[in-house]
Amino acid sequence: MIKLRKIILTIFSLLTLFGIFLLGLLIFTANASADLTVKSNHDHIKIDFFYHGSTVSVKGEADPGTDLVIKITSPDGHEVLKQKGKVGGLLWMNTGTLNFENTPNLYSVHSTKKIDDILSAEEMEKYVIGYPALSRHVEITPSSNEAERSKWFNEFVKYKVSSNLYTSSYGRITTSEQGDKQAYYILTAWPFQAPPGDYLVTVYAVKDKKVIEQAQSNVNVEQIGIIKALAGMAKNNAAWYGIISIIAALAAGFGVSLVFGKGGGAH
Amino acid sequence: MNFMYLYLPVALTSINILIPVGLGLAVGLLSGLFGVGGGFLMTPLLIMLGIPATVAAATDSNQIVAASTSGTYAHWKVGNVDFKMGLYLLIGGFIGGLAGVQAIKFLNATGNADFVIKMTYVLMLGIVGTYMFIESLSSMRKSKSQESETGLKPVCTESCMTRFLKSLPLQTHFEKSGVTHSLLLPLIFGGFVGVLAAIMGVGGGFLMVPVMVYILRMPMHVVVGTSLFQILFNCIEVTFLQAYTNHSVDFILAVLLLLGSTVGAQIGAVFGRKLKGEQLKIILATIVLAVTVKIVFELTLTPSLLISQAGGH
């Protein structure tokens with residue numbers, strides 16, 4: 001009987017110790033992540049009838065003396081694009097297709113200073129920060145050598161920049177001392193070209209050319225109302241969508257004809 | 001929120017309302033004037049505005065349904081639609097279109113599609129534009145010197161070609177156009193235009209109009225009405241197929257475009273009746289030649305972007 005009590009007491013003591021250890025761990029990690037915080041305001045963007053892009057502000061707190069990099073991306077995907085080349089040394093034409101794998105559709109990087117000055121090349125590559133790092137992350141086929149690969153990646157970035165889907169800036173993040181913390185804030189334009197989906201905002205606190213901490217937040221873009229209904233119908237009820245489009249066009253054509261006919265357009 | 005902009009649910013982009021309405025008005029005007037759908041002008045313009053190539057082509061077909069309904073109705077009211085001729089051209093065009101789609105599949109498989117498409121564009125537009133321009137210029141000069149005002153019919157000489165055409169079987173009279181031809185003629189030439197239109201990814205109005213004027217010898221004003229009638233049915237078919245198989249018709253963009261194009265087509269039809277056949281032809285020839293020059297520039301100047309979306313030409 002005494003032996004059983006001893007066993008129960010031992011188990012109880014062990015459990016208590018384990019509980020204390022867990023609690024300690026929890027407090028420790030909570031303190032660690034509390035050094036860098038991130039909040040994206042306007043993180044649920046609704047695409048309605050009159051949508052023409054939006055703005056997203058990212059703010060939070062970081063340790064003083066750290067530099068910050070804010071990266072906004074969509075999940076990696078793949079894109080198939082046409083490549084142009086000279087045929088017969090004279091005419092510019094589509095000469096084939098290029099497959100881009102592991103490419104985010106949206107890629108936006110903002111930093112307190114020039115990225116090359118605050119992060120080492122290894123760290124940039126590890127966290128896929130900046131176009132050179134993204135270039136090594138992306139797979140391009142077909143590309144026979146590094147020079148060709150680099151050429152097509154640069155063209156890809158030019159193409160994305162022209163649609164406002166790839167952006168980069170430095171010095172636009174404002175920071176201010178708040179007690180023993182550094183508050184930061186940036187307001188970024190959200191392009192209307194960014195399709196519905198989930199986007200990830202990652203803030204990196206940087207010191208001595210290394211990422212010392214990171215925090216994440218989300219931005220969700222969603223179609224609503226008539227836009228959602230039409231996009232859904234175009235995909236899910238394609239036949240009816242086609243018929244309705246044709247009937248609407250016929251009705252519009254006849255309607256305008258009748259209005260003009262009454263006005264004495266014909267003779 | 002900006003009420004000047006509307007979001008396009010299929011193109012997944014936002015556009016200033018005035019741009020598609022204005023574009024629709026301009027292209028609808030050409031449609032009512034010359035009996036062309038205007039796809040060879042509208043689709044590249046929409047792509048320039050950031051609309052994905054597949055959506056631009058499909059949505060343009062949808063708006064042409066509206067513009068050509070409006071235009072056909074306006075021309076029908078004044079008796080300028082030859083339904084019989086239109087029907088035979090339509091049958092020929094439909095069969096030619098099917099053959100053209102197979103030709104494109106074959107060219108895509110061999111990797112030569114883009115070269116053939118671009119060359120067909122330049123050659124067809126160049127030849128048609130130059131021929132129409134020279135022919136209408138000389139007939140304008142001729143009618144001036146003879147002080148004749150009957151410029152509606154092209155000058156018809158009894159050449160070997162016409163004798164050959166008259167020797168073909170199944171001769172029938174097309175009352176509205178006032179011409180007698182073998183039934184095979186609209187079927188064959190409709191088919192020929194159908195093949196080229198499918199290869200080039202356009203409705204083919206700018207090819208059909210010269211065929212009707214120079215080969216079928218129809219009066220210019222009946223040509224415009226009949227061409228629009230034929231385009232209407234072509235575009236109904238294309239709109240449905242694009243919506244059903246590619247999900248690429250943007251309803252809101254189509255509505256914005258047709259707001260302009262239906263009105264433009266009516267104005268074009270009214271304005272066209274005030275112009276002579278030769279004048280209409282020379283203006284159309286000038287537009288066709290201008291588009292040819294634009295394509296030649298595009299082909300020879302270094303593009304600003306060396307990659308583009310898949311799906312368009």
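All values below come from the heavy atoms of this structure, side chains included, with hydrogens, waters and symmetry mates left out. Within every chain, numbering begins at 1; the chains are lettered A, B, ... in the order of the sequence lines, protein sequences first and strands thereafter.
- Across A/Ala234 and B/His247, no two heavy atoms sit closer than the pair O-ND1, 2.9 Å.
- Contacts between B/Asn16 and chain A at a heavy-atom distance below 4.5 Å are absent for every atom of the residue.
- The parts of B/Leu305 that come within reach of chain A are both its backbone and its side chain, each placing non-hydrogen atoms under 4.5 angstrom from that chain.
- Side-chain contact between B/Cys235 and A/Ile246 is absent, with no heavy-atom pair separated by less than 4.5 Å.
- The minimum heavy-atom distance between A/Gly242 and B/Ala243, with the atom names listed, is CA-CB, 3.5 Å.
- Summarising the geometry of A/Ser257 relative to B/Ser70, their closest heavy-atom pair is OG-CA, 3.3 Å, with the distance given to 0.1 Å.
- Two residues are said to be in side-chain contact when any heavy atoms from C-beta on lie closer than 4.5 Å; A/Trp152 and B/Leu306 meet this criterion.
- In this structure, the separation between CD1 on B/Ile307 and NZ on A/Lys160 is 9.0 Å, given to the nearest 0.5 Å.
- Ring-plane geometry between A/Tyr51 and B/Tyr7 is classed as perpendicular, the angle between the planes exceeding 60 degrees on a 0 to 90 degree scale with a lower cut at 30.
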Next on the checklist: For A/Tyr241 and B/Val249: C-alpha separation, side-chain torsions, deciding distance, then whether side chain to side chain contact (heavy atoms under 4.5 Å, CB included) applies.
Outcome noted: CA-CA 9 Å; A/Tyr241 182 86; B/Val249 174; 4.0 Å; yes
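- Looking at B/Thr302, the atoms closer than 4.5 Å to chain A (heavy atoms on both sides) sit in the backbone and in the side chain alike.
- Only the side chain of A/Gln223 has a heavy atom closer than 4.5 Å to any heavy atom of chain B.
- Within the 4.5 Å cutoff, the side chain of A/Leu250 has heavy atoms near those of the B/Leu232 side chain.
- Rounded to the nearest 0.5 angstrom, B/Thr262 OG1 and A/Phe254 CZ are separated by 12.5 Å.
- A/Phe49 contributes atom CZ, which lies 5.0 Å from atom CG of B/Leu6 (distance to the nearest 0.5 angstrom).
- There is no contact between A/Ser163 and chain B, counting heavy-atom distances below 4.5 Å.
- For the set A/Gly85, A/Ala252, A/Gly53, A/Ala239, the entry with the most heavy-atom pairs within less than 4.5 Å of chain B is A/Ala239.
- Both the backbone and the side chain of A/Ile243 have a heavy atom closer than 4.5 Å to some heavy atom of chain B.
- Contact count against chain A (heavy-atom pairs under 4.5 Å) is highest for B/Asn62 among B/Thr239, B/Val65, B/Leu258, B/Asn62.
- For A/Tyr131, the OH atom is densely surrounded, since the number of other residues' heavy atoms within 6.0 Å is greater than 12.
- With a threshold of 4.5 angstrom between heavy atoms, B/Val10 approaches chain A through side-chain atoms but not through N, CA, C or O.
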The test is side chain to side chain contact (heavy atoms under 4.5 Å, CB included); show your working for B/Met119 and A/Met93 and say whether it passes. CA-CA 11 Å; B/Met119 286 299 111; A/Met93 290 192 183; 3.8 Å; yes
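- The environment of NZ in A/Lys71 is crowded: more than 12 heavy-atom neighbours from other residues, nucleotides or ligands sit within 6.0 Å.
- The two residues A/Lys84 and B/Ser308 have their closest heavy-atom pair at NZ-OG, 3.8 Å.
- Counting all heavy atoms, side chain and backbone alike, A/Trp92 lies closest to B/Pro303 at CD2-CD, 3.4 Å.
- Contact between A/Leu230 and B/Pro9 at its shortest, heavy atoms only, is CB-CG, 3.9 Å.
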Evaluate the side chain to side chain contact (heavy atoms under 4.5 Å, CB included) criterion for residues A/Leu258 and B/Tyr73: first the C-alpha distance (whole Å), next the side-chain angles of each, then the deciding distance (0.1 Å), finally the verdict. CA-CA 9 Å; A/Leu258 291 175; B/Tyr73 186 84; 3.5 Å; yes
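- Within 6.0 Å of NE2 in A/His78 there are 12 or fewer heavy atoms belonging to other residues, nucleotides or ligands.
- Rounded to the nearest 0.5 Å, atoms CG (A/Leu91) and CD (B/Glu298) are 12.0 Å apart.
- Going from atom CD of B/Gln242 over to atom OG of A/Ser245 covers 11.5 Å, rounded to the nearest 0.5 Å.
- Taking a 6.0 Å sphere around NZ of A/Lys86, one finds it holds more than 12 heavy atoms contributed by other residues, nucleotides or ligands.
- The environment of B/Phe83 atom CZ is dense: over 12 non-hydrogen atoms of other residues, nucleotides or ligands sit within 6.0 angstrom.
- With a 4.5 Å cut-off on non-hydrogen atoms, A/Lys151 touches chain B through its side chain but not through its backbone.
- With a 6.0 Å radius and a threshold of 12 heavy atoms from other residues, nucleotides or ligands, A/Tyr127 has its OH atom above the threshold.
- Within the 4.5 Å cutoff, the side chain of B/Gln266 has heavy atoms near those of the A/Val256 side chain.
- Proximity to chain A is absent for every atom of B/Leu259, based on heavy atoms less than 4.5 angstrom apart.
- Residue A/Pro191: no heavy atom, backbone or side chain, is found under 4.5 Å from chain B.
- Rounding to the nearest 0.5 Å gives a distance of 5.0 Å between CZ of A/Phe260 and CD1 of B/Ile267.
- Side-chain atoms of B/Ile252 and A/Ile227, non-hydrogen and from C-beta on, do get closer than 4.5 Å to each other.
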